[in-house]
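Below is one structure, written out as C-alpha coordinates; comments come after it.
Atoms within a ligand are numbered from 1 in the order they appear, just like the ligands themselves. For clarity, every value in this text was computed on a predicted model and none was experimentally measured.
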Amino acid sequence: MISKRVVAVYPGSFDPITNGHLDVIARAARLADHLIIGILRNDEKTSLFSVAERIEMLKEVVTHLPNVEVSSFDGLLVEFAAAQGASFIIRGIRAVSDYEYELQMALMNRRLRPEIETVFLMAGEAYSFISSKLVKEVIAYGGNISGLVPASVESKLRKRLHGEN
Ligand SMILES: Nc1ncnc2c1ncn2[C@@H]1O[C@H](COP(=O)(O)OP(=O)(O)O)[C@@H](O)[C@H]1O
Ligand SMILES: [Mg+2]
(Lines give C-alpha, C1' and ligand atoms only; values in the text may rest on other atoms or scores of the structure.)
(Ligands and ions follow the chains in the order given, each with its own letter.)
Protein backbone atom coordinates (compact mmCIF):
# COMPACT_ATOMS: atom_id res chain seq x y z
CA MET A 1 0.00 0.00 0.00
CA ILE A 2 1.26 3.45 -0.86
CA SER A 3 0.52 5.74 2.04
CA LYS A 4 -0.24 9.39 1.48
CA ARG A 5 2.25 12.03 2.56
CA VAL A 6 0.49 14.11 5.20
CA VAL A 7 1.15 17.83 4.81
CA ALA A 8 -0.04 20.30 7.45
CA VAL A 9 -0.02 24.10 7.58
CA TYR A 10 0.37 26.01 10.86
CA PRO A 11 -0.67 29.62 10.16
CA GLY A 12 -0.28 32.65 12.38
CA SER A 13 1.27 36.03 12.96
CA PHE A 14 4.27 34.78 14.98
CA ASP A 15 5.16 38.37 15.95
CA PRO A 16 7.39 37.05 17.43
CA ILE A 17 7.59 33.27 17.76
CA THR A 18 7.18 32.16 21.40
CA ASN A 19 7.94 28.93 23.23
CA GLY A 20 4.18 28.26 23.13
CA HIS A 21 4.23 28.33 19.33
CA LEU A 22 7.39 26.23 19.34
CA ASP A 23 5.76 23.59 21.52
CA VAL A 24 2.81 23.39 19.12
CA ILE A 25 5.23 23.19 16.16
CA ALA A 26 7.12 20.26 17.74
CA ARG A 27 3.85 18.40 18.36
CA ALA A 28 2.54 19.10 14.86
CA ALA A 29 5.83 18.01 13.30
CA ARG A 30 5.32 14.59 14.90
CA LEU A 31 1.80 14.30 13.44
CA ALA A 32 2.56 15.38 9.88
CA ASP A 33 5.13 14.16 7.40
CA HIS A 34 5.70 17.76 6.40
CA LEU A 35 4.75 20.89 8.33
CA ILE A 36 4.62 24.32 6.73
CA ILE A 37 4.55 27.29 9.07
CA GLY A 38 2.68 30.04 7.24
CA ILE A 39 3.16 33.62 8.34
CA LEU A 40 0.18 35.75 7.44
CA ARG A 41 1.36 38.71 5.38
CA ASN A 42 -1.59 41.10 5.66
CA ASP A 43 -1.02 42.93 8.96
CA GLU A 44 2.53 44.13 8.42
CA LYS A 45 1.69 47.67 9.57
CA THR A 46 0.82 46.79 13.13
CA SER A 47 3.52 44.16 13.60
CA LEU A 48 6.73 44.66 15.57
CA PHE A 49 8.80 42.54 13.19
CA SER A 50 8.55 42.48 9.39
CA VAL A 51 7.54 39.26 7.67
CA ALA A 52 11.14 38.77 6.50
CA GLU A 53 12.40 39.18 10.08
CA ARG A 54 9.78 36.76 11.39
CA ILE A 55 10.68 34.18 8.74
CA GLU A 56 14.34 34.47 9.73
CA MET A 57 13.56 34.15 13.47
CA LEU A 58 11.36 31.12 12.86
CA LYS A 59 13.88 29.39 10.61
CA GLU A 60 16.55 29.83 13.28
CA VAL A 61 14.52 28.00 15.94
CA VAL A 62 13.22 25.06 13.89
CA THR A 63 16.54 23.90 12.42
CA HIS A 64 16.36 20.76 14.63
CA LEU A 65 13.06 19.77 12.98
CA PRO A 66 13.93 18.55 9.47
CA ASN A 67 10.32 18.21 8.27
CA VAL A 68 9.40 21.81 9.09
CA GLU A 69 9.40 24.56 6.47
CA VAL A 70 8.80 28.30 7.01
CA SER A 71 6.80 30.27 4.50
CA SER A 72 4.41 33.22 4.26
CA PHE A 73 1.10 33.84 2.56
CA ASP A 74 -1.64 36.37 1.97
CA GLY A 75 -5.24 35.89 0.98
CA LEU A 76 -7.30 32.94 2.11
CA LEU A 77 -5.59 30.45 4.39
CA VAL A 78 -7.46 27.49 2.87
CA GLU A 79 -6.27 28.44 -0.60
CA PHE A 80 -2.67 28.59 0.63
CA ALA A 81 -3.14 25.22 2.34
CA ALA A 82 -4.66 23.68 -0.79
CA ALA A 83 -1.87 25.05 -2.99
CA GLN A 84 0.67 23.41 -0.64
CA GLY A 85 -1.14 20.08 -0.85
CA ALA A 86 -2.02 20.26 2.84
CA SER A 87 -4.85 18.22 4.29
CA PHE A 88 -4.61 19.76 7.78
CA ILE A 89 -4.53 23.21 9.30
CA ILE A 90 -2.96 23.29 12.76
CA ARG A 91 -4.10 25.84 15.34
CA GLY A 92 -3.19 26.15 19.00
CA ILE A 93 -5.65 26.49 21.86
CA ARG A 94 -4.57 28.07 25.13
CA ALA A 95 -7.76 28.60 27.08
CA VAL A 96 -11.51 28.87 26.60
CA SER A 97 -10.89 32.44 25.43
CA ASP A 98 -9.25 31.13 22.24
CA TYR A 99 -12.08 28.74 21.51
CA GLU A 100 -14.81 31.00 20.16
CA TYR A 101 -12.68 32.72 17.52
CA GLU A 102 -10.90 29.50 16.57
CA LEU A 103 -14.20 27.61 16.18
CA GLN A 104 -15.59 30.35 13.97
CA MET A 105 -12.54 30.30 11.73
CA ALA A 106 -12.40 26.52 11.56
CA LEU A 107 -16.05 26.31 10.52
CA MET A 108 -15.65 29.05 7.92
CA ASN A 109 -12.57 27.34 6.53
CA ARG A 110 -14.44 24.03 6.43
CA ARG A 111 -17.21 25.69 4.48
CA LEU A 112 -14.68 27.05 1.99
CA ARG A 113 -12.66 23.84 1.69
CA PRO A 114 -14.44 20.83 3.27
CA GLU A 115 -11.52 18.51 2.45
CA ILE A 116 -9.13 20.44 4.72
CA GLU A 117 -9.49 19.62 8.41
CA THR A 118 -8.50 21.99 11.23
CA VAL A 119 -6.67 20.25 14.06
CA PHE A 120 -6.32 21.93 17.45
CA LEU A 121 -3.30 21.25 19.61
CA MET A 122 -2.66 22.30 23.20
CA ALA A 123 0.81 23.43 24.18
CA GLY A 124 2.29 21.98 27.37
CA GLU A 125 0.80 23.65 30.44
CA ALA A 126 4.05 25.51 31.13
CA TYR A 127 3.52 27.38 27.85
CA SER A 128 -0.25 27.68 27.78
CA PHE A 129 -0.38 31.28 29.06
CA ILE A 130 2.20 32.65 26.64
CA SER A 131 1.16 35.02 23.87
CA SER A 132 3.28 37.19 21.57
CA LYS A 133 1.26 40.20 22.67
CA LEU A 134 1.88 39.68 26.40
CA VAL A 135 5.57 38.94 25.86
CA LYS A 136 5.95 42.24 23.97
CA GLU A 137 4.14 44.14 26.75
CA VAL A 138 6.23 42.61 29.53
CA ILE A 139 9.57 43.23 27.83
CA ALA A 140 8.54 46.77 26.84
CA TYR A 141 8.15 47.56 30.56
CA GLY A 142 11.40 45.86 31.48
CA GLY A 143 9.98 42.56 32.76
CA ASN A 144 11.77 39.23 32.55
CA ILE A 145 10.68 37.06 29.62
CA SER A 146 13.40 34.40 29.74
CA GLY A 147 11.95 30.95 29.14
CA LEU A 148 8.95 32.41 27.33
CA VAL A 149 10.64 32.91 23.96
CA PRO A 150 13.78 31.37 22.42
CA ALA A 151 16.98 33.18 23.48
CA SER A 152 17.60 34.43 19.93
CA VAL A 153 14.14 35.99 19.89
CA GLU A 154 14.61 37.56 23.32
CA SER A 155 17.72 39.39 22.16
CA LYS A 156 15.98 40.62 18.99
CA LEU A 157 13.10 41.89 21.14
CA ARG A 158 15.50 43.75 23.43
CA LYS A 159 17.22 45.29 20.46
CA ARG A 160 13.96 46.36 18.84
CA LEU A 161 12.33 47.74 22.00
CA HIS A 162 15.29 49.03 23.98
CA GLY A 163 17.96 49.48 21.33
CA GLU A 164 20.27 46.99 23.06
CA ASN A 165 22.69 44.73 21.25
N1 LIG B 1 1.07 29.51 24.14
C2 LIG B 1 0.35 28.95 23.18
N3 LIG B 1 -0.16 27.70 23.32
C4 LIG B 1 -0.93 27.16 22.36
N5 LIG B 1 -1.26 27.77 21.20
C6 LIG B 1 -0.79 29.00 21.01
C7 LIG B 1 0.04 29.66 21.97
N8 LIG B 1 0.35 30.90 21.49
C9 LIG B 1 -0.27 30.99 20.29
N10 LIG B 1 -0.95 29.87 20.00
C11 LIG B 1 -1.72 29.59 18.80
O12 LIG B 1 -0.89 29.66 17.67
C13 LIG B 1 -1.63 30.15 16.55
C14 LIG B 1 -0.93 31.36 15.96
O15 LIG B 1 -0.97 32.40 16.90
P16 LIG B 1 -0.63 33.89 16.52
O17 LIG B 1 0.82 33.99 16.16
O18 LIG B 1 -1.13 34.76 17.62
O19 LIG B 1 -1.42 34.16 15.19
P20 LIG B 1 -2.93 34.64 14.98
O21 LIG B 1 -2.78 36.09 14.63
O22 LIG B 1 -3.40 33.79 13.84
O23 LIG B 1 -3.66 34.40 16.27
C24 LIG B 1 -3.04 30.43 17.07
O25 LIG B 1 -3.84 29.29 16.82
C26 LIG B 1 -2.83 30.61 18.54
O27 LIG B 1 -4.01 30.29 19.27
MG1 LIG C 1 -3.21 35.41 18.19
Inset, instruction - Considering only NZ, NE, NH1 and NH2 on the basic side and carboxylate oxygens on the acidic side, decide whether Arg110 and Glu117 come within less than 4.0 Å. - result: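 Judged by the 4.0 Å cut-off on N to carboxylate O distance, Arg110 and Glu117 do form a salt bridge.
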Legend entry - Ionic contact status for Asp15 with Lys136, cut-off 4.0 Å: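 Looking at Asp15 together with Lys136, the answer is yes, because their closest N to O distance falls below 4.0 Å.
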Please say whether [X] places an N or O atom under 3.5 Å from an N or O atom belonging to ligand 1.
X	result
Asp15	no
Val24	no
Ser132	no
Gly92	yes
Arg91	yes

Inset, instruction - Determine the minimum heavy-atom distance between Ile93 and Tyr99, stating which atoms define it. - result: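 That would be CD1-CA, 4.2 Å.
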Numbering as shown, the atoms of ligand 1 that approach [X] to under 4.0 Å (heavy-atom distance):
X	value
Gly12	14 (C), 19 (O), 22 (O)
Pro11	14 (C)
Gly20	1 (N), 2 (C)
Phe14	17 (O)

Are [X] and [Y] packed together at the side-chain level, in the sense that at least one heavy-atom pair is separated by less than 4.5 angstrom?
X	Y	result
Lys156	Phe49	yes
Ser132	Phe14	no
Val7	Asp33	no

Legend entry - Proximal candidate to atom 10 (N) of ligand 1 [heavy atom criterion; set Tyr127, Tyr101, Tyr10]: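 It is Tyr10 whose heavy atom sits nearest to atom 10 (N) of ligand 1.
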Inset, instruction - Just jot down the side chain to side chain contact (heavy atoms under 4.5 Å, CB included) partners of Arg111, sequence neighbours excluded, or say none. - result: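 Testing Arg111 for side chain to side chain contact (heavy atoms under 4.5 Å, CB included), a comparison that skips the adjacent residues, returns none.
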Name every donor-acceptor pair, under 3.5 Å, that has one atom in a side chain of residues 140-149 and the other anywhere in the protein, sequence neighbours excluded.
from	atom 1	to	atom 2	distance (Å)
Asn144	OD1	Ser146	N	2.9
Asn144	OD1	Ser146	OG	3.0

Legend entry - Close approach of Thr18 to ligand 1, heavy atoms, under 4.0 angstrom: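 Contact check Thr18 vs ligand 1: negative.
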Inset, instruction - Answer with side chain, backbone, both or neither: which part of Glu102 has a heavy atom less than 4.0 angstrom from an atom of ligand 1? - result: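 Within the 4.0 Å criterion, Glu102 contacts ligand 1 through side-chain atoms alone.
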